[in-house]
Amino acid sequence: RLLFLSIIFLKKLLFKEKTGKISKVTEPKRKLGDEKCETWFRGLKLNQKFTVTSLIFIFIPLFGMMCFGFRSIKKNAIDHGVNEAVTAIDLTCAEVNAKANACSMVVDTLQEYEPLEKYLLHLRRGEEISESYYQQFRNNSISIIDKMQEAMPDLYQIHIFAMADGFLEQQPILYQKEKMKNCAWYRSYQGGGQWFFDIQEKNIISGTKKEGSHLMTYVRELRDQSGGRLGVIEVSMRMADIFPEIYRSGDSSWACFVDENWNLYDCGKTAAACKWQSYRGLILFRAGIRDRKESQQSAVIDRKNVAIVLRKVDKLNGMFVTLTNLDDATGNMIKQQQRMLLEFAGFGLLLIVVVNLIVRGLLKEFYDVLCEMRQIDNGTTKIKVCYSAEEMREMSYGINGMLERIQKQNEESIKREAALKDTAIRAMQNQINAHFIYNVLESIKMMAEIDEEYTISDAVTALGEMLHYNMRWNKFL
């Protein structure tokens, strides 16, 4: 746009300088800024006009290309940030599915574990458990379950609730049916295999809550071969171990999990601790969570470029949504852009100086001619102009011929004026001599008549008439 406006502006200036006017039919309605620019451009010297014009046609395309390049770089950086966010969430979802599958495998293993099934069957029938059988089960079966739990670092705890009360519990694994009521998920459990998220851990014995623990629990019934209910098994993992991105939410990222019942689980921080908490609804809307389809996109939220990615977690029947602040990832690119702009500005200043010197060098002979023309205008004509360039040499020949003709005409005019003045002076001298003699003779004549010397008076009168006649003849000639 800037390049286009500059070309139109220069075209208008050049067209007006060439024709002297612009057609009212084709002339656009100019604004005050255009008039000021035109006035400023016309007030520049010729070398400054050349410099400005050259820089406009050099800098504007370069600046446009650089801006386009910056936009492309920024777009590529944003796309790269989105791809990295997609890769990260895909890895997280794969790990979550693997850990959820591990929980299901633990339950399946315990379901198929025959010693456990027999022990629970005895408890359901209300049969008395001997001390030896109790110790044998504890040393063998409970020990195996403990080792299974230790072998899986992400597995937080395993609880089995028998369908009986009043027996001696095998803590911390096997509990009476009544203790199941102390679990946070008890009232919400509807049978079958069911996941519960972000539940607060309770003491199985007392039912009191434990502060600071957020668990993800898989609950399923244990049944015998005939389908009878033997008990309920609870396998728990820490939410922070399954979804670490949720609890690392801050200014640089945010994440949440939405289960199949549209319950949202996030970090629980305030907006002051994590500003993205205030934009949860907008983030989920941009992610397209209502469609329950996987998506990834870049967006601008709170004047920040962000990547929003939604992925399904099949094993949990939910969706995982993450937001990544791309301004942190593009920070180096912005610094690089600022550095390039400074370098471009420095290069521009250097180019202005160089172009100005080159233009002044090219127009040096023109300015010399202009200086000499000013001297000629002040009256100096004894100047010899000589230049090397073809055009300037031709101009110098014309100027030198003009100066020679002017000087020759001045000399001839001076000579003519001197001759006319000399002739006038000589004529005045001749007239002064004749009148002087005539007046003297008139004085002698009067003096002779006073003394009554008439002979002298007649002779002087005849001589005066002859002189007077001679003066008239000379004037006629």
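- Atom OG of Ser295 and atom CG of Leu310 lie 5.0 Å apart (nearest 0.5 Å).
- Checking side-chain atoms of Glu453 against main-chain N and O of Glu449 turns up no donor-acceptor pair under 3.5 Å.
- Counting heavy atoms from C-beta on, the side chains of Leu284 and Leu264 come closer than 4.5 Å.
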Step by step, would you call Val306 with Thr324 a side chain to side chain contact (heavy atoms under 4.5 Å, CB included)?
CA-CA 5 Å; Val306 297; Thr324 305; over 6 Å; no
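- Annotation for Cys103 and Met237: closest pair SG-CE, 3.0 Å, computed over non-hydrogen atoms.
- Annotation: side chain of Leu326 is in contact with side chain of Val82 (closest heavy-atom distance under 4.5 Å).
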Taking it one step at a time, do Phe257 and Leu316 satisfy side chain to side chain contact (heavy atoms under 4.5 Å, CB included)?
CA-CA 10 Å; Phe257 178 76; Leu316 302 180; 3.9 Å; yes
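- Between atom CZ of residue Phe197 and atom CD1 of residue Ile246 there is a gap of 10.0 Å, rounded to the nearest 0.5 Å.
- The main-chain N or O of Asp79 is found under 3.5 Å from a side-chain atom of Asn83 such that the two form a donor-acceptor pair.
- Closest heavy-atom contact between Gly193 and Tyr218: CA-OH, 3.7 Å.
- For Lys315, the NZ atom counts as loosely surrounded, since its 6.0 Å shell holds 12 or fewer non-hydrogen atoms of other residues, nucleotides or ligands.
- The aromatic rings of Tyr189 and Trp185 stand perpendicular to each other, their planes meeting at an angle above 60°, with 30° marking the opposite boundary.
- Between Asn305 and Asn325, the closest heavy-atom pair is O-OD1, 3.5 Å.
- The minimum heavy-atom distance linking Val313 with Val96 is given by the pair CG1-CG1, 3.6 Å.
- You'll find the side chain of Val106 reaches within 4.5 Å of the side chain of Ile158, heavy atoms only.
- In this structure, CE in Met216 is found 8.5 Å from NZ in Lys99, a value given to the nearest 0.5 Å.
- Considering only heavy atoms from C-beta on, Gln149 stays 4.5 Å or farther from Met152 through its side chain.
- Rounding to the nearest 0.5 angstrom, the gap separating the CG atom in Asp241 from the CG atom in Asp154 is 5.5 Å.
- Counting heavy atoms from C-beta on, the side chains of His214 and Arg238 never come closer than 4.5 Å.
- Judged by distance alone, the side chains of Ser253 and Glu245 never bring a donor and an acceptor atom under 3.5 Å apart.
- Nearest heavy atom pair, residue Ala85 against residue Ala307, reads CB-CB, 4.2 Å.
- Rounding to the nearest 0.5 Å places CD1 of Ile199 at 5.5 Å from OG of Ser236.
- The shortest heavy-atom contact between Ala287 and Val321 is CB-CG1, 4.2 Å.
- Side-chain contact annotation: Trp195 with Glu260, donor-acceptor N/O pair under 3.5 Å absent.
- In this structure, Arg286 is not positioned above the aromatic face of Trp276 in the sense of NZ or CZ being under 6.0 Å from the six-membered ring centre and within 45° of the axis.
- Ion pairing between a basic and an acidic side chain is recognised when a charged N comes within 4.0 Å of a carboxylate O; Lys304 and Asp251 show no such pairing.
- With contacts defined as side-chain heavy-atom distances shorter than 4.5 Å, the pair Thr217/Val235 does not qualify.
- No side-chain heavy atom of Ile289 sits under 4.5 Å from any side-chain heavy atom of Phe285.
- Of the possible polar contacts, none joining the Asn261 side chain to the Asn263 backbone as a donor-acceptor pair under 3.5 Å is found.
- Remark: side-chain polar atoms of Asn97 are paired, donor with acceptor, to backbone N or O of Cys93 under 3.5 angstrom.
- Ring pair Phe243/Phe320 is tilted by interplanar angle, where 30° to 60° counts as tilted.
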Side chain to side chain contact (heavy atoms under 4.5 Å, CB included) between Leu323 and Ile301: does it pass, once the steps are laid out?
CA-CA 10 Å; Leu323 177 143; Ile301 299 178; 4.3 Å; yes
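- In terms of modelled atom types and a separation under 3.5 Å, the side chain of Thr461 and the main chain of Ser457 share a donor-acceptor contact.
- Between the CD atom in Glu84 and the NE2 atom in His80 there is a gap of 3.5 Å [rounded to 0.5 Å].
- Heavy atoms from other residues, nucleotides or ligands lying under 6.0 Å from OH of Tyr247 number more than 12.
- By the 4.5 Å heavy-atom criterion applied to side chains, Asp266 and Trp254 are counted as neighbours.
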Step by step, work out the side chain to side chain contact (heavy atoms under 4.5 Å, CB included) result for Arg311 and Val86.
CA-CA 9 Å; Arg311 286 293 183 268; Val86 169; 3.3 Å; yes
